[in-house]
Structure formats: structure tokens, C-alpha cells
Amino acid sequence: MKMQNGFPIVAGLVIFIGLLCAPFVMGKVVTHEYKAPEIKMPVGEKECIESKEFMREQHMQLLNQWRDWALRDGKRTYTNHAGKEFTISLQNTCMKCHNNKADFCDKCHTDAGVSPYCWDCHVQPEGLK
Amino acid sequence: MKKNRRAFIKLAALAAAGLAVAPKAMASGSAAPVKVNATAVHAEHWAMVIDTTKLHTEEEIGKLAKICHSIHNVPSIEGKQEVKWLWSDEYGHTFPEQENPHLAEEVHHRAYALLCNHCEQPSCVRVCPTKATFKRPDGIVAMDYHRCIGCRYCMAACPYGSRSFNWGEPRKNLDLSKLNPEFPTRMRGVVEKCNFCVERLAVGKEPACVEASHGAIVFGDLSNPDSEIRKVLREKFTIRRKPSAGTEPSVYYII
Ligand code: SF4
Ligand code: SF4
């Protein structure tokens, strides 16, 4: 059987599929590769309370645990994997070192599109305005 | 065939055992040991005695309230939306059940320092659906503001009006230049109250009001018969607020 209007149909299909794939193709061409944001490390500090990798991956879990330990269990001293002790406090331990929320926390949080509500209550090191 | 099945069951059992252990092992990746601060002060049951023969004017109590409120970043709001941790009231409101028409005039004229009583049987804890308010092993009734959903059941349950709800954004009613940067503020929609200065006890200090009271407030371990507070309670006549509520307050008043 001969296909009627074969050309327009095929052409239409090609255009349709082309449009369908356009965002993917364009995306590859136009967008840039994701670059990790450049965060400013605290001046004069070399080590966090745990390894860089650990903090990168698990700081949120750790903060959750810190919260419960300090507030609910009344245990406010944390011994890290190297045996060093720290006072459990977001505001008074973490933020005394990372004394610039905008240059440290916000950089990644903004990039990752997460807005933790820590700062609804905890006072950022820059103070509130 | 038989042998195979045996091996399989053995393996399966091993895998199941592994599964049971795995989550814990994974979690322990971050669970480094934690302990109580070395400088913390401990008690089995923290309690307070307020000597109303020494501390009974609105100004004096107001001074203590000011210290308390400033270190805990308690917003100052006038009227019905007031947030308070420490405040004062008259005899009739403080001890409505211990009122009598021929009570000494002078007792009636005193102002009484009021705060959360850190009750032994806290009704606020019993009704809280999220366990945001809970009783610590040392008797302090604490708030975990992260969990509070603002249902205000606890406010309805507390017979002493010791809790305040943050109707608005608390930071709007704080002098941000005078904030205590060591202590958080609260967010809108949570209930707050006196915490017996747990954060100070954790570093070996007495509650701020006790420290500032020049001996008019005694704080200590109620379960230790040799403690200062027990000595005071042995020697002086004291009453507690609303005994019929059955919450067993840990705040005692010398009359
Ligand atoms: S005084 Fe009220 S808020 Fe405080 S523990 Fe007792 S019942 Fe709870
Ligand atoms: S308002 Fe908050 S603390 Fe009070 S009962 Fe509800 S969840 Fe619990």
C-alpha cells in the first residue's frame, strides 16, 4: 500500500522528535559543568572537628545528633574520632570558627537549593540586623 | 541438593544477621562518644526556694527578670502577646488556694517571683504530642524548640501560666544590638518558658536569677538531704503554688 502524504508525515515526525530532544541537546551544549562553590575556610584553622570528607558528607547528621545529645541527653562534650574533645554547640563551637555564614554555609546551601532553618533561632556569627 | 539447601539457609541466616547489625554499624560512623561537660553541676532533682521575706518588691523581681530575659533573648512585648520567663504577681494570684481573709497585711502587699515550677508531675509534658517539652532526669522540665509545633496544649495544661506563645516573629521585639550571641532566639509559633538555666548548669554556674538574688533564692539538689536547699526547707516554713493541681512544683516559697 502506498503511503499517502508520506513526506509531510515523516518531516513532521522528525521535527517533533527534534523538539522533544532539544532541551537535552541544548542543555549539554549551553550549560556549563557544575563547579563546587568556593567556600572561604576559617582563617588560621586547619582542622574541623572531624575529617573534611566526614564533614562534607555528614555535617547535617552530626548537627542533628549534636542537637539531641546536648538538648535532650544533656551531654555537651563530644570526643571526635581522633580523641579530641569539643563542646557541643552550633552557635558557640561551629560558628566561632566558621565566623562568616555568608562565605561558608550559604555558599553551598544556596547552590544546593537548601535553606536550613537553623538561623531562624541560632544567631549567626555576623550578628542579626 | 540437600547439601545445597543447607548451605543456602546458612547463608541466608548470616545475611539476616548482617542486616540486623548493618544499620548500627553505619550509624556509628559518626557516633563518636559524647559525655556530660566536665565542669557541669549535677543533681538528681534540681529545686528552688524563694525567700519572699527578702525578695518581694516588683522592682527587685523586675531586675532579676531583666537579667534572665536578656541572657535568654526573651522578646519584650506589651499586652496579651507577652513572652515571659520570670515575672511577679500578687499573693492572691500566686497562691489562690492558700488565701484567707485575715492573712497578714504585709504578706498581701508583697510581690511574688514567678517562673516555671519544673514540676515533678508536669502536666505540660503529659499533654505534649511531640515530646517537645520533656522532663530531664535531673528534674528540669525542658523545651526542645526544634520539635514544638505550637499546638499550645502545654499552655492549656500548665496550671501556673508559666508558658508563653510566640505569636509573632520574636526577633522583631528584641533589641538586636543587645542580643546574647551565645544563646539562640526562638522562632515564630513555638512555646517558650524558663529552663532553670540548663545552659549555665552545664558549665558549672548557678541560674542567673539565683546568682543575682543576693541569697534570696536558694537552688540545689532536693534529693540530697545534706544540701543547702534541704537545710533551708527543714528550717523554714514553705508553701508551693496550687497544691490541688497535683503537679508537685519544685519551686518553694518561704512566707
Ligand atoms: S510550671 Fe507549668 S510549664 Fe512548668 S513544669 Fe509545671 S506544668 Fe509544666
Ligand atoms: S505547643 Fe509545643 S511544647 Fe506545647 S504541647 Fe504543643 S508541641 Fe508540645
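So that the names make sense, note that chain A is the first sequence line, chain B the second, and so on, each numbered from 1. Quantities reported herein were computed from a predicted structural model and do not represent experimental measurements.
- For B/Y153, the OH atom is loosely surrounded, since the number of other residues' heavy atoms within 6.0 Å does not exceed 12.
- Looking at A/Q124, there are no atoms closer than 4.5 Å to chain B (heavy atoms on both sides), in backbone or side chain.
- Heavy-atom pairs under 4.5 Å with chain B were tallied for A/I88, A/T87, A/L128; the largest tally goes to A/L128.
- Using a 4.5 Å heavy-atom cutoff, the side chains of B/H146 and A/D68 are not in contact.
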Please evaluate residues B/E199 and A/R76 with respect to the criterion salt bridge (charged side-chain N to carboxylate O under 4.0 Å, His left out), reporting the C-alpha separation (whole Å), side-chain torsions for both, the decisive distance (0.1 Å), and the verdict. CA-CA 10 Å; B/E199 82 285 1; A/R76 293 173 187 248; over 6 Å; no

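- Shown here is A/K75, whose NZ atom has no more than 12 heavy atoms of other residues, nucleotides or ligands within 6.0 Å.
- Side-chain atoms of A/Q91 come within 3.5 Å of backbone atoms of B/P181 as a donor-acceptor pair (strictly under, hydrogens ignored).
- Nearest approach of B/F134 to A/R72, heavy atoms of both residues: CD2-NH2, 3.5 Å.
- Taking a 6.0 Å sphere around NZ of A/K107, one finds it holds more than 12 heavy atoms contributed by other residues, nucleotides or ligands.
- When each of B/V36, B/N37, B/V34 is tested with A/T77 by the rule side chain to side chain contact (heavy atoms under 4.5 Å, CB included), just one qualifies, namely B/N37.
- By the 6.0 Å contact criterion, CD on A/E47 is open, its count of non-hydrogen atoms from other residues, nucleotides or ligands being 12 or less.
- At a 4.5 Å heavy-atom cutoff, B/R188 makes no contact with chain A through either its backbone or its side chain.
- With chain A as partner, the option from B/R147, B/K131, B/E169, B/M187 having the largest number of non-hydrogen pairs under 4.5 angstrom is B/R147.
- For A/D120, the parts lying under 4.5 angstrom from a heavy atom of chain B are both the backbone and the side chain.
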